[in-house]
S.K.: 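Attaching a single structure in structure tokens format; questions to follow.
Since the model is a prediction, treat every value here as computed from it, not as a measurement.
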Amino acid sequence: MRVLVRDEARAAALADLGAQVAVGDLRDAEALGKALAGVDAVVNIAAAFRGVPDEEARAVNRDAALELGRAAETSGVRRFVQVSTNVVYGTGRGRPHTEDDPTVPGGEMWGAYAESKGEAERGLLALEGGMDVRIGRLAFVYGEGDPHLADSMRWAAHWAATQRLQMVHHADVAQGLRRLLYAPGAAGGIYNIADDAPVTTVDLHQLNGVDIPPALYERTDPDPWFGIVSTARIRRELGYRPLYPSVWNAQDAGAL
């Protein structure tokens, strides 16, 4: 396995496990060429989000992802897995989102990140070189040693008590992406990767050990189905079953 990283020191643990480390920026064509030499499959997990300017989000999430896809085709890569996000769906539909739902821009978290990820999906699937492209749309990612649960309070502190967030543990992200990478017959497929039990704003406060402000119970959820997705397709077609069906399972297992 080879990894492309910007900071070689931060990849030391991967090198210790036997990974080859290529150093460079995703936006550097020369770095891409070196990273892709002799590679037969690519998993693109790179993203720019949370506080970056809109132009940087588009440059990394869309432009660099498409350049990576084109460079991969040129290098003879046979399979390309693009990591995307459930926020590409936009507004809720009154039910869990399925992979066939079109994007409807809007919602509290809509912006350059969601737009650029959606544009990257469409651009990669439209490449004409015959490379096998697969898309994995992740829910809100959390896991052992990950600060995302604490970070969620920047939004949850202002949400209604009943507002929900669908999540997925690192271990299930890894499981889902492995299934996308190796499954036969999934070319061109889009798959939601998430757990089974979206959490409420109240849950997020409890998980973070934060007192629940009474004002939360006076607010109204503007879109109860925003970001809530179905995992029926990845279960049916790829055999995915969450190792941690809920964050409470992860907490009980000591995996936070």
S.K.: Hey, what do you get for CG (Asp146) to CG (Leu256), rounding to the nearest 0.5 Å?
M.R.: 10.0 Å
S.K.: Taking all heavy atoms of Asp172 and all of Leu243, pick out the closest pair and write down the distance.
M.R.: OD1-N, 2.6 Å
S.K.: May I ask you to decide if Val83's main-chain N or O and Lys117's side chain share a donor-acceptor pair within less than 3.5 Å?
M.R.: yes
S.K.: Any cation-pi pair here, Arg164 with Trp159, using under 6.0 Å and within 45°?
M.R.: no
S.K.: Sort out for me which residue in Gln82, Met131, Arg134 forms a side-chain contact (heavy atoms from CB on, under 4.5 Å) with Leu124.
M.R.: Gln82
S.K.: Would you say the side-chain atoms of His205 pair up with the backbone N or O of Met153, donor to acceptor, closer than 3.5 Å?
M.R.: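 Such a contact is absent between His205 side chain and Met153 backbone.
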S.K.: Measure centre to centre between the rings of Tyr142 and His170, then say whether the value is under 6.0 Å.
M.R.: no
S.K.: Any side-chain to backbone donor/acceptor pair from Arg79 onto Val77? Under 3.5 Å, distance only.
M.R.: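 Such a contact is absent between Arg79 side chain and Val77 backbone.
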S.K.: Under the criterion salt bridge (charged side-chain N to carboxylate O under 4.0 Å, His left out), I'd like the reasoning laid out for Glu121 against Arg137: C-alpha separation, chi angles, the key distance, then a yes or no.
M.R.: CA-CA 10 Å; Glu121 287 186 16; Arg137 292 175 175 167; 2.6 Å; yes
S.K.: What are the two closest heavy atoms between Asp221 and Asp223, and how far apart are they?
M.R.: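 For Asp221 versus Asp223, the nearest heavy atoms are OD1-N, 3.0 Å.
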S.K.: Whether Arg70 and Glu73 form a salt bridge (side-chain N of Lys/Arg under 4.0 Å from carboxylate O of Asp/Glu) is what I want to check.
M.R.: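 Looking at Glu73 and Arg70, the cut-off is not met.
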S.K.: With respect to Tyr191, which candidate in Glu237, Arg179, Arg235 satisfies the side-chain hydrogen bond (donor to acceptor under 3.5 Å, both in side chains) definition?
M.R.: Glu237
S.K.: For the CD1 atom of Ile228 and the OH atom of Tyr89, what is their distance to the nearest 0.5 Å?
M.R.: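 Output value for this atom pair is 12.0 Å.
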S.K.: Can you list everything that forms a side-chain contact (heavy atoms from CB on, under 4.5 Å) with Ala19? Sequence neighbours excluded, please.
M.R.: Met1, Leu14
S.K.: Would you call Glu119 and Arg58 a salt bridge, taking side-chain N to carboxylate O under 4.0 Å as the test?
M.R.: no
S.K.: Just say parallel, tilted or perpendicular for the rings of Phe49 and His148, cut-offs at 30° and 60°.
M.R.: perpendicular
S.K.: Less than 4.0 Å between a side-chain N and a carboxylate O, is that true for Lys34 and Glu30?
M.R.: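 A salt bridge is present here (some side-chain N lies under 4.0 Å from a carboxylate O).
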S.K.: Between Asp196 and Arg241, is the closest basic N to carboxylate O distance under 4.0 Å?
M.R.: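 So Arg241 does not pair with Asp196 through a salt bridge.
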S.K.: Inspect the contact between Arg95 and Asp101 and indicate whether a charged nitrogen and a carboxylate oxygen are less than 4.0 angstrom apart.
M.R.: yes
S.K.: So Asn44 and Leu26, do their side chains get closer than 4.5 Å, heavy atoms only?
M.R.: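 A side-chain contact exists here, since the closest heavy-atom pair is under 4.5 Å.
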S.K.: Do you know which two heavy atoms are closest between Ser152 and Leu204, and how far apart they sit?
M.R.: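 Nearest pair, atom of Ser152 first, then Leu204: OG-CD2, 3.7 Å.
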S.K.: Is any side-chain heavy atom of Leu4 closer than 4.5 Å to one of Leu32?
M.R.: yes
S.K.: Do the side chains of Gln175 and Tyr240 get nearer than 4.5 Å, heavy atoms only?
M.R.: yes
S.K.: Does any non-hydrogen side-chain atom of Met167 lie less than 4.5 Å from one of Val199?
M.R.: yes
S.K.: For the residue pair Val229 and Pro96, establish whether any side-chain heavy-atom pair is separated by less than 4.5 Å.
M.R.: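 The answer is no, as the side chains (C-beta and beyond) never meet within the 4.5 Å cut-off.
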